[in-house]
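Structure first, then comments.
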Amino acid sequence: MPNTQELQDLVVQVRRDILRMVHNVNSGHPGGSLGCTEFFVALYNEIMELKDGFDMDGIGEDVFFLSNGHISPVFYSVLARRGYFPLDELNTFRLIDSRLQGHPTTHEGLPGVRVASGSLGQGMSVAIGAALAKKLNGDDHLVFSLHGDGELQEGQNWEAIMYAAGNKVDNLIATVDRNGQQIDGSTEDVLPLGNVAEKFRVFGWDVLEIENGNDLEQVIAGLKEAKNRTGKGKPVCIVMTTEMGNGVDFMMGTHAWHGKAPNDEQLATALEQNPETLGDY
Amino acid sequence: MTKYTDQGKQDTRSGFGAGMTELGRTNPNVVALCADLVGSLKIETFIEENPERFFQVGIAEANMMGIAAGLTIGGKIPFASTFANFATGRVYDQIRQSIAYSDKNVKICASHSGLTLGEDGATHQILEDIGLMKMLPGMTVINPCDFNQTKAATIAIAEHHGPVYLRFGRPKVANFTPVDQKFEIGKALMLNEGTDVTIIATGHLVWEALLAAESLENQGISAEVINIHTIKPLDDKAILDSVKKTGCVVTAEEHNYLGGLGESVARVLATHHPTPQEFVATQDTFGESGTPEQLMEKYGLNNKAIETAVLKVLKRK
């Protein structure tokens with residue numbers, strides 16, 4: 001198991017990967033990706049029990065679903081650095097004939113991806129289905145999912161939230177990235193979400209909060225606590241407060257970098273703030 | 001002409017239910033989901049015998065399609081069932097992204113398709129579902145004609161890996177295909193050989209096509225009748241072999257003429273063997289309340305409508 005310094009180095013390197021990937025094709029979603037870097041690094045390197053290699057069914061291991069598929073850069077970087085596919089393939093992000101589509105898909109056979117996402121609001125239902133399959137298979141591993149907070153505006157989530165509580169899907173840990181931003185502005189201006197944790201609670205979930213989702217130790221502690229709360233009759237929700245664009249000073253605290261790539265100069269500045277640790281791809 | 005006997009009227013949805021009962025006993029990976037319409041889908045026996053393999057999702061079809069997609073991860077074969085309208089149009093994007101684009105082995109099982117659910121009216125009738133589903137890359141689209149064939153199709157699709165749309169209905173109609181038939185996805189069935197005209201029918205219209213062929217025979221017209229239970233992938237060869245012989249075709253379906261079987265057949269003909277064609281289908285309209293028979297009559301979807309279309313297409317040869 002890697003120590004915290006190794007994971008912290010990985011966090012910085014993943015941030016570099018994200019910035020370089022979106023810069024290379026002048027498109028993609030750096031803001032949410034940067035905000036969720038600690039979460040992905042912790043999940044794939046400290047929290048989930050994973051088999052070697054990849055098979056679609058994921059029997060005998062924990063599985064993860066990314067519902068807010070637009071933050072594919074962080075997903076791809078962490079998958080590649082966990083060994084799911086060659087690191088060099090990050091060069092193909094969003095290019096023609098690539099397995100690294102703009103939004104993640106199973107269609108091109110990229111190891112590590114189990115469902116397409118991008119059209120928002122669908123991932124929790126899929127995660128519930130996978131959790132039910134684990135129960136049917138007598139597989140006591142867990143299902144993790146990640147959702148944008150703005151994504152909760154899609155009604156399908158609330159069907160899924162009701163279902164998971166009503167049917168005691170207690171092998172599921174759904175994390176909401178509460179960065180408070182969406183394309184058109186702050187979530188509270190566009191369509192107020194209010195108290196997300198309380199909403200999950202009254203729907204019957206066990207909810208915990210990670211106050212600073214950009215503090216690696218807090219993220220690890222929160223995810224470990226969430227694991228402890230599984231198997232007790234309730235689905236588990238983590239409301240994780242993050243900062244969109246975290247790690248790059250001019251990208252932080254605004255929705256402006258939700259879906260915009262840095263230019264050459266901006267990239268250089270951003271990379272200076274995230275010096276190379278494990279080697280660029 | 002070949003004689004077919006109605007073994008007793010039954011609803012195709014009960015054929016689905018019977019198929020599910022058998023699958024429940026023979027295939028432990030088959031699971032069922034339903035959105036608050038268990039009685040309408042006739043899956044009570046499956047549920048009674050396999051309670052752990054049934055998921056009641058409530059009135060939440062989008063969630064049902066997503067859960068079905070997730071259940072395939074872990075090797076389950078989910079049969080997600082509800083009315084055709086709510087199984088397609090309401091959840092098109094969920095099917096598109098989480099099932100079709102994600103290559104998930106989900107069977108979308110849709111009852112009450114077409115006009116013939118009757119009195120509930122247009123909100124519950126759907127005449128666009130074949131078009132919606134056949135446009136999705138990788139989706140197999142099946143519309144069996146009677147109880148026995150629906151049962152056989154239900155069992156067959158469990159063995160096919162990939163997303164399937166299975167369409168059936170509510171009214172009790174003639175049950176005339178063999179009890180223990182083998183159902184081959186994508187393989188058209190020749191029901192009656194003829195020389196003057198080809199009638200290609202799907203679903204409830206197959207029996208109507210046979211009735212029309214019988215009447216036409218009495219007028220000295222030899223009609224070939226083909227049962228296309230699989231609209232996608234379409235059996236191009238069966239269609240082309242027949243029209244090369246007869247030189248004209250009538251397609252018949254309980255669906256809008258836009259996007260349905262008729263258009264699929266027209267594409268095959270236009271590409272390989274241009275042939276006069278008439279369409280027995282609804283004419284870009286919504287349905288309305290009424291008995292199934294009244295609706296079939298009013299919207300031109302019965303044996304008489306097929307006969308009229310045949311007489312018309314014969315003049316275009």
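What you see is a predicted model; the values in this text were computed from it and never measured. Heavy atoms only: backbone and side chains are in, while hydrogens, waters and symmetry mates are out. Proteins come first, then strands; the chains are lettered A, B, ... in the order of their sequence lines, and each starts at number 1.
At a 4.5 Å heavy-atom cutoff, the contact between Ile59(A) and chain B is made by side-chain atoms alone. Heavy-atom distances place the side chain of Val31(B), and not its backbone, under 4.5 Å from chain A. Proximity to chain B (any heavy atom under 4.5 Å) is shown, for Ala127(A), by neither the backbone nor the side chain.
Nearest approach of Val115(A) to Ser98(B), heavy atoms of both residues: CG2-O, 3.9 Å. Closest approach of Ser125(A) to Ala62(B), counting heavy atoms only: OG-O, 4.5 Å.
Within the 4.5 Å cutoff, side-chain heavy atoms of Asp93(B) are placed close to those of Gln122(A).
By the 6.0 Å contact criterion, NZ on Lys51(A) is enclosed, its count of non-hydrogen atoms from other residues, nucleotides or ligands being greater than 12. Within 6.0 Å of CD1 on Ile183(A) lie no more than 12 heavy atoms contributed by other residues, nucleotides or ligands. With a 6.0 Å radius and a threshold of 12 heavy atoms from other residues, nucleotides or ligands, Arg94(A) has its CZ atom above the threshold.
Of the residues considered (Asp55(A), Ile128(A), Asn167(A), Leu132(A)), Leu132(A) shows the highest number of contacts with chain B, using heavy-atom pairs under 4.5 Å. Taking Ile59(B), Asp103(B), Ile99(B) one by one and counting their heavy-atom pairs under 4.5 Å with chain A, the maximum is reached by Asp103(B). Chain A forms more heavy-atom pairs under 4.5 Å with one residue of Lys104(B), Glu52(B), Met65(B) than with any other, namely Lys104(B).
Atom NE2 of His103(A) is separated from atom CD of Gln97(B) by 9.0 Å, given to the nearest 0.5 angstrom. Note: Phe55(B) CZ to Leu136(A) CG = 4.5 Å, rounded to the nearest 0.5 Å. Here CZ of Arg96(B) is found 8.0 Å from OG of Ser119(A). Values are rounded to the nearest 0.5 Å. For the atom pair Glu159(A) CD and Met64(B) CE, the distance stands at 10.0 Å (nearest 0.5 Å).
Proximity to chain A at a heavy-atom threshold of 4.5 Å picks out Ile67(B), Ala69(B), Gly70(B), Leu71(B), Thr72(B), Ile73(B), Gly74(B), Gly75(B), Lys76(B) from residues 67-80 of chain B, in numerical order.
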